[in-house]
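Just below is one structure, and these are the notes that go with it.
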Amino acid sequence: MRIDVVSIFPEYLAPLELSLIGKARQDGLLELNVHDLRTFTTDKHRTVDDTPYGGGAGMVMKPEPWAQALESVAKPSEGAKPVLIVPSPAGERFNQALAYELAEEEQLVFACGRYEGIDERVIEWAQEHFTVRPMSLGDYVLNGGEVAVLAMVEAIGRLLPGVVGNPESLVEESHSDGLLEYPVYTKPSAWRDYDVPAVLLSGNHGKIAQWRRHEQFRRTSERRPDLLAEFDAGSLSRADRNALADLGYDVVDGRLQARHGDAAS
Ligand code: SAM
């Protein structure tokens, strides 16, 4: 995969040289280029912003440097348009399913906005050259797109083949199957006044798997009941249904329904 990030603060992306993503780049599993938007300006002051039409606070990023930058980094392959991700609090909410989807792409380009954002005409024009995806990290406002890009590139990059040493570790993670992960423990088995749950020391793999599954349901119902409401319950085993019934959920028409006043909320 090739990733290009355009920003007025290229140094902000330095952490992408570290850890697993940095190693993936060194190993040639991921090509990642960071571009300074100001190198695509033509005036002496390297201007990237101007006042908003219609008035109001703040500045807006000018279209021309963005068009120059995006034209220079787009590398369409076999007629397929690269994906342009425009971080924005007004975008589609980024999640693990999107990380998996985007990890299949040949090229991702990230356009880091600053100030009040990028002139909207860039987003319209870019559709000629890219599949454009405005994307939000969450329902809050950051100062710029760089922090969102760090998070998205890490979430996507770790799904590329070979980046995470043991691909099994991607399978049981939170959000991989619509649930949160079960709690994890390591040695020592007794620490201060806290013991590791006895089942994990039992060596009984069936019981351990059952306990972990139950913990996934318990944790998800306590912390993210919204995920359970979306969960496809059609293919749940009898043991899963029993575990969910204990937590106050019934399966109705393939969906989980919280029994009123019973389920954790
Ligand atoms: N005026 C914009 C609005 O209300 O939608 C917010 C602009 S924000 C101060 C500047 C830049 O930060 C945005 O263009 C975007 O690149 C980035 N940004 C802010 N919040 C974000 C979020 N939740 N997810 C992704 N990017 C975000």
Legend entry - Spacing of His45 atom NE2 and Asp43 atom CG [to the nearest 0.5 Å]: 7.0 Å

Legend entry - Residues Arg133, Leu98; criterion side chain to side chain contact (heavy atoms under 4.5 Å, CB included); working and verdict: CA-CA 11 Å; Arg133 311 274 305 252; Leu98 282 170; 3.1 Å; yes

Inset, instruction - Is it possible for you to say whether Trp211 and Leu247 belong to one hydrophobic cluster, with membership spreading through side-chain heavy-atom contacts below 4.5 Å? - result: no

Inset, instruction - State yes or no: do Leu228 and Tyr182 share one hydrophobic cluster built from I, L, V, M, F, W and Y residues joined by side-chain heavy-atom distances below 4.5 Å, directly or via other members? - result: no

Legend entry - From Phe110 atom CZ to Leu13 atom CG, the distance as rounded to the nearest 0.5 Å: 10.0 Å

Inset, instruction - Taking the side chain as every heavy atom from C-beta outward, state whether Leu84 and Val86 have any atom pair closer than 4.5 Å. - result: yes

Inset, instruction - Please tell me if the side chains of Gln107 and Met1 come closer than 4.5 Å, counting only heavy atoms from C-beta onward. - result: no

Inset, instruction - Kindly give the heavy-atom pair with the smallest separation between Ile208 and Gly203, and that separation in Å. - result: CD1-N, 4.4 Å

Inset, instruction - Could you check if a side-chain atom of Arg224 sits within less than 4.5 angstrom of a side-chain atom of His175, using non-hydrogen atoms only? - result: yes

Inset, instruction - Look at the side chain of Lys81 and the backbone N and O of Gln127, then say whether any donor-acceptor pair between them is shorter than 3.5 Å. - result: yes

Legend entry - Sub-4.5 Å side-chain heavy-atom contact between Phe130 and Val83: no

Inset, instruction - Write down the atom of Pro76, the atom of Pro82, and the distance for their closest heavy-atom approach. - result: CA-CD, 4.1 Å

Legend entry - Non-hydrogen atoms of Arg255 and Asp232 that approach each other most closely: NH1-N, 4.1 Å

Inset, instruction - Could you pull out the closest heavy-atom pair between Ile8 and Glu146, with the gap in Å? - result: N-OE2, 4.2 Å

Legend entry - Common cluster, Met59/Ile118, ILVMFWY with side-chain heavy-atom separation under 4.5 Å: yes

Legend entry - Mutual orientation of the aromatic rings belonging to Phe217 and Phe231 [parallel < 30°, tilted 30-60°, perpendicular > 60°]: perpendicular

Legend entry - Path from Phe94 to Tyr140 over hydrophobic side-chain contacts below 4.5 Å: yes

Donor-acceptor pairs under 3.5 Å, side chain of residues 155-170 to any protein atom, not counting sequence neighbours: which ones?
from, atom 1, to, atom 2, distance (Å)
Arg158, NH1, Glu173, OE1, 3.0
Arg158, NH1, Glu173, OE2, 3.3
Arg158, NH2, Glu173, OE2, 2.7
Asn166, OD1, Glu168, N, 3.0
Ser169, OG, Asn166, O, 2.7

Inset, instruction - Take atom CG of Asp226 as the centre, draw a 6.0 Å sphere, and report whether it contains more than 12 heavy atoms from other residues, nucleotides or ligands. - result: yes

Legend entry - Contact summary for Gly91 and Ser136, nearest pair of heavy atoms: O-CB, 3.6 Å

Legend entry - Rounded distance [0.5 Å steps], CG in Leu137 versus CG in Asn95: 11.0 Å

Legend entry - Glu215 side chain near Pro183 side chain, heavy-atom distance below 4.5 Å: yes

Inset, instruction - Please test Arg2 against Glu106 for salt bridge (charged side-chain N to carboxylate O under 4.0 Å, His left out), starting from the C-alpha separation and ending with a verdict. - result: CA-CA 6 Å; Arg2 173 179 165 146; Glu106 295 274 318; over 6 Å; no

Inset, instruction - To the nearest 0.5 angstrom, please state how far the OG atom of Ser174 sits from the CD atom of Gln96. - result: 9.0 Å

Inset, instruction - Check the pair Val60, Thr51 against side chain to side chain contact (heavy atoms under 4.5 Å, CB included), reporting the backbone distance first and the verdict last. - result: CA-CA 6 Å; Val60 174; Thr51 52; over 6 Å; no

Inset, instruction - Flag the pair Asp139 / Pro89 as yes when at least one side-chain heavy-atom distance between them is below 4.5 Å, and no otherwise. - result: no

Legend entry - Side chain Ser176, main chain Val171, donor-acceptor under 3.5 Å: yes

Legend entry - Approximate separation, where rounding is to 0.5 Å, of Leu256 CG and Leu227 CG: 11.0 Å

Inset, instruction - Start with the C-alpha distance between Val147 and Tyr12, add both sets of side-chain angles, then the distance that settles side chain to side chain contact (heavy atoms under 4.5 Å, CB included), and finish with yes or no. - result: CA-CA 8 Å; Val147 166; Tyr12 224 119; 3.8 Å; yes

Legend entry - Reported CZ-to-CZ distance for the pair Arg212 and Arg219, which is rounded to 0.5 angstrom: 12.0 Å

Inset, instruction - Would you please test Met61 and Tyr115 for side chain to side chain contact (heavy atoms under 4.5 Å, CB included) and show each step? - result: CA-CA 7 Å; Met61 296 189 103; Tyr115 319 119; 3.8 Å; yes

Legend entry - Heavy-atom check, side chain of Asp49 versus side chain of Lys62, under 4.5 Å: no

Legend entry - Connected via hydrophobic side-chain network under 4.5 Å: Leu236 and Leu180: no

Legend entry - Residue pair Val6 / Cys112, side-chain heavy-atom distance below 4.5 Å: no

Legend entry - Least distance between heavy atoms, Gln216 atom then Leu179 atom: NE2-CB, 3.7 Å

Which side-chain N or O atoms in residues 186-197 pair as donor and acceptor under 3.5 Å with protein atoms at least two apart or in another chain?
none

Show the atom names and distances, to 0.1 Å, of all donor-acceptor pairs under 3.5 Å that link a side chain in residues 14-40 to residues at least two apart or in another chain.
from, atom 1, to, atom 2, distance (Å)
Lys23, NZ, Asp27, OD2, 2.8
Arg25, NH1, Leu16, O, 2.9
Arg25, NH2, Leu32, O, 3.0
Glu31, OE2, Asn33, ND2, 3.3
Asn33, ND2, Asp4, OD2, 3.1
His35, NE2, Asp4, OD2, 2.7
Asp36, OD1, Arg38, N, 2.9
Arg38, NH1, Arg46, O, 2.9
Thr39, OG1, Asp36, O, 2.7

